[in-house]
J.: 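Take this structure first; my questions come after.
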Amino acid sequence: MSSFDEMDAFEGAAQQPSLSARAMAARPMPYLDDLNPAQREAVEMLDGPVLMLAGAGTGKTKALTTRIVHLLNTHKARPNEILAVTFTNKAAREMKNRVGRMLGQPAEGMPWLGTFHSICVKLLRRHAELAGLKSNFTILDTDDQLRLIKQLVQAAGIDDKRWPARLLLNVIDGWKNRALTPGKVPAADAGAYNNKGVELYAQYQTRLKELNAVDFGDLLLHVVTIFQAHPDVLEQYQRWFRYIMVDEYQDTNVAQYLWLRLLAGVHKNICCVGDDDQSIYGWRGAEVGNILRFEKDFPGAHVVRLEQNYRSTPHILAAASNVIRGNADRLGKELWTNAEEGEKVRLIGHWDGEEEARWIGEEIDAVQGGTRGMRPFSLDDIAILVRASHQMRAFEDRFLTIGLPYKVIGGPRFYERLEIRDAMAYFRLVTSPEDDLAFERIVNTPKRGLGDKAQQTIQIAARSSGVSLVEGARIALDQGLIKGKGAGALRKLVEDLARWRAMTRGPVVEANDDEVIDDGGEPQLAFGQPEVSHIELAQIILDESGYTTMWQNTKTPEAPGRLENLKELVNQLDNFENLQGFLEHVSLVMDNEQESDGAKVSIMTLHAAKGLEFPAVFLPGWEDGLFPSQRSMDESGLKGLEEERRLAYVGITRAEELCTISFAANRRVFGQWQNSMPSRFVDELPENHVDVLTPSGLYGGGAGGVSSQGIETRAAEANVYNSPGWKRLQARQGQRGLSQPKESRNTVIDLNAVSSFTLGERVFHQKFGYGAVIGIEGDKLEIEFEKAGTKKVVAKFLSASDDVPF
DNA sequence: AAGTATCGAATTTTT
DNA sequence: TTCGATACTT
């Protein structure tokens, strides 16, 4: 499969000539009139290297998509000759949609628009043998990776107390990000991980090959390695991709950079879009240097700056600009806007983290109601952006108490949840019985009485015969090596797996999709097997394996949710032809946007907020040590601080109309009280664009200046009042303030909530679990939870415990 | 092999 | 404080 004629047909471009035909027909270029001069320049400069420096909110996606349309319209390239790379599936999807909309038809004919990883999977499946793999290799998730590495560490006799496997994983990932194969790791770095780093890395790679598996880093690393070792293969692609476009270039790592350079080697038509000021993934291997060096890397490069901002008010932009000015290594950009003045950025200090959460809760109410002299905001318009996810908790607790609907964005994602991974491991094992990692994951889940010893026996049996673990288990059973109740359970498991597998071969396949990848598997018709759809099969697997039962018998508060998720997983299968297609999809597309009903405040990390925008943004926790993060500064020094500053910049520029920054003098960290100084970034806010608010409470509001002097006063105060007695007093005052003035809550909630619970009733709460009602105050109930202690909660979030399935 | 206790650690996480 | 992993107990 190396000729490009085949490639052409394979990718579906030939079957869909209509796209290019249509583009050809579209003579006029009205889309160009929608652009400002800078955008237009970026769109029309099609040939040669181009760096599009696009500040926050300057319409870079628009420019990027228009550029693609323009390429097609001017016949510079056919849809399948354009390589357009993004980092996230979401970005890829959006681009695809927008291009499709502009062309007036779905952009299905662009097979090479996707994430780095999904494109690399395509390439690697084609040339797998050049990397010592079969083209149906599996892609491991972090869980699998870690399990594998742990085994190697153990085998090497390393004390994983002192040298956690997790650390080695990070080291290896780091090398892969830098495109370093074991042989290429520089001597200076080889000392990592107790001097065994490189050795274990090599072993790990060997093991992956044995398993016919790759990790995320490998997807790029293998492709780069193949390109470097096989110039003929590289050249085909170099010639094929006439135009290359890259989104979020500031986030590329070395491997991605090399990949791009190699591919752009012939035509040199590469257009990178990015913003050096928004590089916040350095800790993950991203190299700001890539974007800073662009003009050197690609001689004759044109740099276009997109500086007109369509998102935020001048005050917000001024605040952001002033903060980011503190960074040294910048390409330089100044955002401007035609927007109305609007509100100044608001700054407020609080006594402690709880008060901060309380204040923000009240402020959201005010902003929502249209007080503050602004238009009323919907809860969907409001976001709280934190530096570290543990900060979210204070807000969740507070919002739960006052009944403010919220959603946490970017927590553990659907496919990363324990129960989903378990279920997927079963599916994996059914579609590919040689998937040892999947087997290890579920042999004893649910409990089958197969402990360490039994599993070791299986390992040995498998290894001595050179077969998969499933086969090894069969052998071990036949030889009577496994005893006790485990034997029966294991036999059942092995037989079940075979039986389920037989069911997958039912006459289900209707191969018509344009992306069918022939993995060499032979679709056979099996006779005598019941005809079941993959959806039914999935359900059968979960039921017959006892996995569903296991959760039904679990009486922890989260069990019902897990069962829900499993149901949702089975529903998802509807979108796929078969289990295999589903698994392939999931390994790369880990996101699953669940639409929620009703408007909700969003809570997320600053990292998760990149690329998003909200009319009103709250930025809490601006304290030195927390933000900028102490660890970041300790580990990466000035570089770390600058990345933190970019994070501040990203945070501020998410806001369209209202941006509120806050900090607290005291915060409970790991159960210990700590006091802290306001963030140094607070000092970098420009005074004439900032309104300093005074906290509403009686305490903690003494100082109010933005100057560092005022700040020091505050810190001193904090020390004085840091005694336990004071804190108890504050806590009590806080409690009183809580129940008195706040009765102006959503009446909707009140109506159906008030009388539905009685004293002493047993109830269930999504987050806190089971408990009993010990007090009622309107729609707020005091609940004594079995696990979580006594809490005040709004009735809306409770259900009578009988509702909950066991 | 499974349940319980104890100890230790706790940024950020696009794929 | 809470989570998780490990070690010890039954």
Side-chain angles (χ1 to χ4, degrees), chain A residues 85-93 114-121 139-142 145-146 150 159-161 164-166 169-170 173 176-177 214-220 247-248 250-253 255-256 278-286 385-394 397 409-413 415-416 418 444 446-455 483-486 489 585-591 604-612 621 625-636 640 643-644 646-647 650-651 667-673 787-789:
Chain A
V85 215
T86 64
F87 273 87
T88 66
N89 293 297
K90 202 171 143 204
R93 219 179 304 135
T115 64
F116 276 103
H117 296 270
S118 64
I119 289 172
C120 282
V121 171
I139 303 164
L140 302 187
D141 58 33
T142 321
Q145 270 182 288
L146 198 60
K150 267 189 185 150
D159 176 17
D160 64 353
K161 266 277 173 8
R166 177 92 230 172
L169 179 74
N170 287 336
D173 270 346
K176 289 190 175 179
N177 286 336
V214 300
D215 61 24
F216 279 117
D218 279 340
L219 290 174
L220 273 134
D247 194 13
E248 306 281 15
Q250 78 282 351
D251 289 339
T252 49
N253 60 33
Q256 288 155 341
Q278 291 189 65
S279 163
I280 56 175
Y281 282 105
W283 49 275
R284 245 185 152 250
L385 311 182
V386 298
R387 171 68 246 262
S389 46
H390 67 251
Q391 292 173 263
M392 294 179 180
R393 192 194 190 128
D397 278 354
I409 311 276
R413 279 156 306 178
Y415 293 114
E416 281 171 11
L418 174 87
N444 205 26
K447 296 272 184 298
R448 293 192 173 86
L450 298 161
D452 291 346
K453 201 158 146 260
Q455 292 187 40
K483 298 179 185 72
K485 62 176 182 231
H585 171 84
V586 168
S587 57
L588 280 177
V589 185
M590 296 283 281
D591 62 348
M604 66 187 94
T605 63
L606 287 160
H607 284 90
K610 197 174 79 156
L612 304 178
L626 181 58
F627 186 42
S629 135
Q630 192 59 51
R631 193 153 154 191
S632 181
M633 293 187 292
D634 288 348
E635 283 174 9
S636 317
E643 183 153 313
E644 296 285 307
R646 292 193 289 266
L647 212 38
V650 167
R667 210 172 271 282
R668 203 163 36 182
V669 185
F670 312 147
Q672 296 293 300
W673 282 96
K787 294 247 164 69

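Side-chain atoms are counted along with the backbone in the values below, which use heavy atoms only and exclude waters and symmetry mates. Lettering of chains follows the sequences in order, A, B, ..., and the numbering in each one begins at 1.
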J.: What contact category does D251(A) fall into here, base, sugar-phosphate, or nothing, at under 4.0 angstrom with non-hydrogen atoms?
T.: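 Since a base atom lies under 4.0 Å of D251(A), the category is base.
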
J.: If I take atom CG in residue L219(A) and atom P in nucleotide dT14(B), what distance separates them, rounded to the nearest angstrom?
T.: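 These atoms are roughly 16 Å apart.
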
J.: Can you list everything that forms a side chain to side chain donor-acceptor pair (under 3.5 Å) with D452(A)? Sequence neighbours excluded, please.
T.: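 For D452(A) there are no side chain to side chain donor-acceptor pair (under 3.5 Å) partners, ignoring immediate neighbours.
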
J.: Can you tell me how far C1' of dT15(B) sits from CZ of F116(A), to the nearest Å?
T.: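 So the two atoms are 11 Å apart, to the nearest Å.
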
J.: So which one's nearest nucleotide on DNA chain B is more toward 5', Q455(A) or K610(A)?
T.: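 It is Q455(A), whose closest nucleotide lies nearer the 5' terminus.
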
J.: Check salt bridge (Lys or Arg N to Asp or Glu O under 4.0 Å) between R667(A) and all other residues, then give those that pass, not counting sequence neighbours.
T.: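 Partners of R667(A) by the salt bridge (Lys or Arg N to Asp or Glu O under 4.0 Å) criterion, ordered by chain and then number, come out as E356(A), E623(A).
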
J.: Could you write nucleotides 3-13 of chain B as a row of B, S and -, 5' to 3', where a protein heavy atom under 4.0 Å of any base atom gives B, of only sugar-phosphate atoms gives S, and otherwise -?
T.: -------BBBB

J.: With rounding to the nearest 0.5 angstrom, report the OG1 to CZ distance, T252(A) to F116(A).
T.: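 Rounded to the nearest 0.5 Å, the OG1-CZ separation comes out at 6.0 Å.
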
J.: Can you see if the side chain of N444(A) gets near the phosphate of dA1(B) - specifically, an N or O under 4.0 Å from OP1 or OP2?
T.: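 No, N444(A) has no side-chain N/O under 4.0 Å of OP1/OP2 on dA1(B).
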
J.: Checking contacts here: which listed nucleotide (dA1(B), dT15(B), dT6(C)) is nearest the side-chain heavy atoms of K453(A)?
T.: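 The listed nucleotide nearest to K453(A)'s side chain is dA1(B).
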
J.: Do T142(A) and R166(A) have side chains that get closer than 4.5 Å, going by heavy atoms?
T.: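 Touching, per the 4.5 Å side-chain cut-off.
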
J.: Can you measure from NE2 (H117(A)) to CZ (F87(A)) and round to the nearest 0.5 angstrom?
T.: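 Going from NE2 on H117(A) over to CZ on F87(A), the span is 7.5 Å.
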
J.: To the nearest 0.5 Å, how far apart are CH2 in W283(A) and OG in S636(A)?
T.: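 The distance works out to 11.5 Å.
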
J.: Which residues satisfy the side chain to side chain donor-acceptor pair (under 3.5 Å) test with D251(A), sequence neighbours excluded?
T.: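 D251(A) satisfies side chain to side chain donor-acceptor pair (under 3.5 Å) with K610(A) only.
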
J.: Does DNA chain C take part in any stems of at least 3 consecutive Watson-Crick or G-U pairs (both distances under 3.5 Å), and if so, which ones?
T.: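 Stems (3+ consecutive pairs) listed as B:1-10 with C:1-10.
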
J.: Rounded off to whole Å, could you give me the CZ-to-P distance for the R667(A) and dT1(C) pair?
T.: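 About 18 Å, once rounded to whole Å.
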
J.: Among residues at least two apart in sequence or on other chains, which ones pass side chain to side chain donor-acceptor pair (under 3.5 Å) with Q256(A)?
T.: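 Scan of Q256(A) (side chain to side chain donor-acceptor pair (under 3.5 Å), adjacent residues dropped) gives none.
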
J.: Once you round to the nearest 0.5 Å, how far does CZ of R284(A) lie from CG of D173(A)?
T.: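 These two atoms lie 8.0 Å from each other.
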
J.: Using heavy-atom distances to pick each residue's nearest nucleotide on DNA chain B, tell me which of K485(A) and A286(A) is more 5'.
T.: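 That would be K485(A).
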
